[in-house]
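Working notes, structure below.
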Amino acid sequence: MSAPAVGLHEFSVVSNEPAAEGLMRVVLSAPALARELSAGQFVNVAVPGDASQVLRVPLSFSRADGEAGTVEIVYAVVGDGTRRLAAMAAGETSTAVGPCGNPWPLPAGTRRACVVAGGVGITPVVACARMLAGAGVAFDAVVGAQTAGKLWGADVLEGLGAGRVVVTTDDGSAGRAGFTTAALADLLAEGGYDVVYTCGPEVMMAGVARLCREAGVACRVSMERMMGCGFGACNTCNVAMADGTYRSCCKDGPVFDAEEVAW
């Protein structure tokens, strides 16, 4: 069965509330889009409020509920577009382009996985965990944030059935002090994982990729780039590949095999 074509979808805001310090959780009513999205893909949202801003805002999602017709997005408020999105109230409407990009793969025979999230990278990682739980794949999780106040998603992962959820914070205000890579190294040393899925700061993902390579474990990464169009037309979101070529983050990604990326 071929993947759904990228299309334009109208949506209305169901709710839009703080999730943690600097993070918002918006729920959109977009029935057709919710049915077509797969974990790891993203949507390109038109945020009203400034006619001079013609580019959409690319956002990963944490849940697409086909039955309810809703899409949940946890996003960081970091620029004008996301500030305007944070101001949208329930009932307001706009449009989104999607489903964009390629989803998280689930290799045949996968029995146990680990998901690793840093910062707002938790959003597609939660979607990944839902995919794993739905497929009956056991998984552990590592969730990193700068501080306890900026932490979101650990309890969601627990609720999805994660065997272990290891929280790390830069300042030690929640979980263990330090980086996600140190926590992952401990889990990998115990063995038993078929694949690791990760999203977060690029330096973190590079470290995760290195650890997985050393442990002989497959690794899939969700990259982030500035995306002008979201479907491969503008060539502004190139990702350097290990073979010297470049690939489009929005069309060929955002999910890549970590071994293919030039870190």
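Predicted model, so just to flag it, every value in this text is computed and none were measured.
Taking 4.5 Å as the limit, every side-chain heavy atom of Val221 sits out of range of all side-chain heavy atoms of Val255. Side-chain atoms of Glu259 and Arg213, non-hydrogen and from C-beta on, do get closer than 4.5 Å to each other. Thr93 places none of its side-chain heavy atoms less than 4.5 Å from the side chain of Val13. A heavy-atom distance below 4.5 Å is found between the side chains of Val239 and Arg225. The side-chain heavy atoms of Met205 and Val261, taken from C-beta on, include no pair separated by under 4.5 Å. Between Val6 and Val97, some side-chain heavy-atom pair lies under the 4.5 Å cut-off. You'll find the side chain of Met204 reaches within 4.5 Å of the side chain of Thr198, heavy atoms only. Contact check for Phe61 versus Leu37: side-chain heavy atoms found under the 4.5 Å cut-off.
Between the side chain of Ser248 and the backbone N or O of Lys251 there is at least one donor-acceptor pair closer than 3.5 Å. A distance-only check finds a donor-acceptor pair linking the side chain of Tyr75 to the backbone of Ala86 [under 3.5 Å]. Side chain of His9 to backbone of Gly98: a donor-acceptor contact under 3.5 angstrom is found. Listed for the Gln41 side chain is a donor-acceptor partner under 3.5 Å among the backbone atoms of Ser38. Remark: the backbone N or O of Met241 is not paired with any side-chain donor or acceptor of Thr245 at under 3.5 angstrom. Counting only distance, with no hydrogens or angles, the side chain of Ser29 and the backbone of Val14 share no donor-acceptor pair below 3.5 Å. A donor-acceptor pair under 3.5 Å is formed between the side chain of Thr123 and the backbone N or O of Val74. Between the side chain of Asp140 and the backbone N or O of Arg164 there is at least one donor-acceptor pair closer than 3.5 Å. Looking only at distances, a side-chain donor or acceptor of Arg84 sits under 3.5 Å from a matching main-chain atom of Pro48.
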| request: Could you walk me through whether Ser52 and Val54 pass the side chain to side chain contact (heavy atoms under 4.5 Å, CB included) test, one step at a time? | output: CA-CA 6 Å; Ser52 69; Val54 296; over 6 Å; no
| message | side chain to side chain contact (heavy atoms under 4.5 Å, CB included) for Leu132 and Leu106? Distances and angles first, verdict last. | response | CA-CA 8 Å; Leu132 295 171; Leu106 184 58; 3.7 Å; yes
| CA sep, side-chain torsions, deciding dist, call: Arg63, Thr70, side-chain hydrogen bond (donor to acceptor under 3.5 Å, both in side chains) | CA-CA 8 Å; Arg63 184 176 187 178; Thr70 57; over 6 Å; no
| task | For Lys150 and Leu23, run side chain to side chain contact (heavy atoms under 4.5 Å, CB included): C-alpha distance rounded to whole Å, both residues' side-chain angles, the deciding distance at 0.1 Å, then the answer. | result | CA-CA 7 Å; Lys150 296 183 178 181; Leu23 297 180; 5.8 Å; no
| message | Before you tell me yes or no, could you show the steps for Met24 and Asn16 under side chain to side chain contact (heavy atoms under 4.5 Å, CB included), namely the whole-Å CA-CA distance, both residues' side-chain angles and the distance that decides it to 0.1 Å? | response | CA-CA 7 Å; Met24 295 288 289; Asn16 194 13; 3.7 Å; yes
| message | Evaluate Glu260 against Arg247 for salt bridge (Lys or Arg N to Asp or Glu O under 4.0 Å), listing each step before the verdict. | response | CA-CA 10 Å; Glu260 297 179 345; Arg247 298 178 70 183; 3.2 Å; yes
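When the salt bridge (charged side-chain N to carboxylate O under 4.0 Å, His left out) test is applied to Arg25, the partners found at least two apart in sequence or on another chain are Glu72.
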Check residues 179-188 and write down every donor-acceptor pair under 3.5 Å in which the side-chain atom is one partner and the other belongs to a residue at least two apart or another chain.
from	atom 1	to	atom 2	distance (Å)
Asp186	OD2	Arg176	NH1	3.0
Asp186	OD2	Arg176	NH2	3.4

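Neither Tyr193 nor Trp104 shares a network with the other; the hydrophobic side chains, linked directly or stepwise wherever heavy atoms of I, L, V, M, F, W or Y lie under 4.5 Å apart, form separate groups for each. Grouping the Ile, Leu, Val, Met, Phe, Trp and Tyr side chains by contacts below 4.5 angstrom, directly or via other members, places Met223 apart from Phe42. Taken together through direct or relayed side-chain contacts under 4.5 Å among Ile, Leu, Val, Met, Phe, Trp and Tyr, Leu85 and Met226 form parts of separate hydrophobic clusters. One hydrophobic cluster holds both Met88 and Leu28 under the rule that ILVMFWY side chains link at heavy-atom gaps under 4.5 Å. Note on Val167: it clusters hydrophobically with Ile122, by side-chain heavy-atom contacts below 4.5 Å among ILVMFWY residues.
Counting all heavy atoms, side chain and backbone alike, Cys114 lies closest to Val142 at SG-CG2, 4.4 Å. Here the closest non-hydrogen pair linking Ala20 and Gly149 is CB-O, 3.4 Å. Minimum interatomic distance between Trp152 and Val156 (heavy atoms only, all atoms of both residues): CZ2-CG2, 4.0 Å. The nearest pair of heavy atoms linking Pro124 to Ser60 is CD-CB, 3.8 Å. Between Val47 and Gly81 the shortest heavy-atom distance is CG1-O, 3.7 Å. Heavy-atom minimum distance, Cys237 versus Cys250: SG-N, 3.4 Å.
A side-chain contact (heavy atoms from CB on, under 4.5 Å) with Phe11 is found for one member of Val43, Val45, Leu33, Val27 and no other, namely Val45. Between Val217 and the choices Leu211, Val196, Asp194, the side-chain contact (heavy atoms from CB on, under 4.5 Å) rule is met once, by Val196.
A cation-pi arrangement is absent between Arg220 and Tyr197 under the rule of less than 6.0 angstrom and at most 45 degrees off the ring axis.
Here the CD1 atom belonging to Ile73 is positioned 12.0 Å from the OG1 atom belonging to Thr82, to the nearest 0.5 angstrom.
Under 3.5 Å, the side chains of Arg130 and Ser62 contain no donor-acceptor pair of N or O atoms.
Heavy atoms from other residues, nucleotides or ligands lying under 6.0 Å from CD of Glu67 number 12 at most. Heavy-atom contacts from other residues, nucleotides or ligands closer than 6.0 Å to CD of Gln146 number 12 or fewer.
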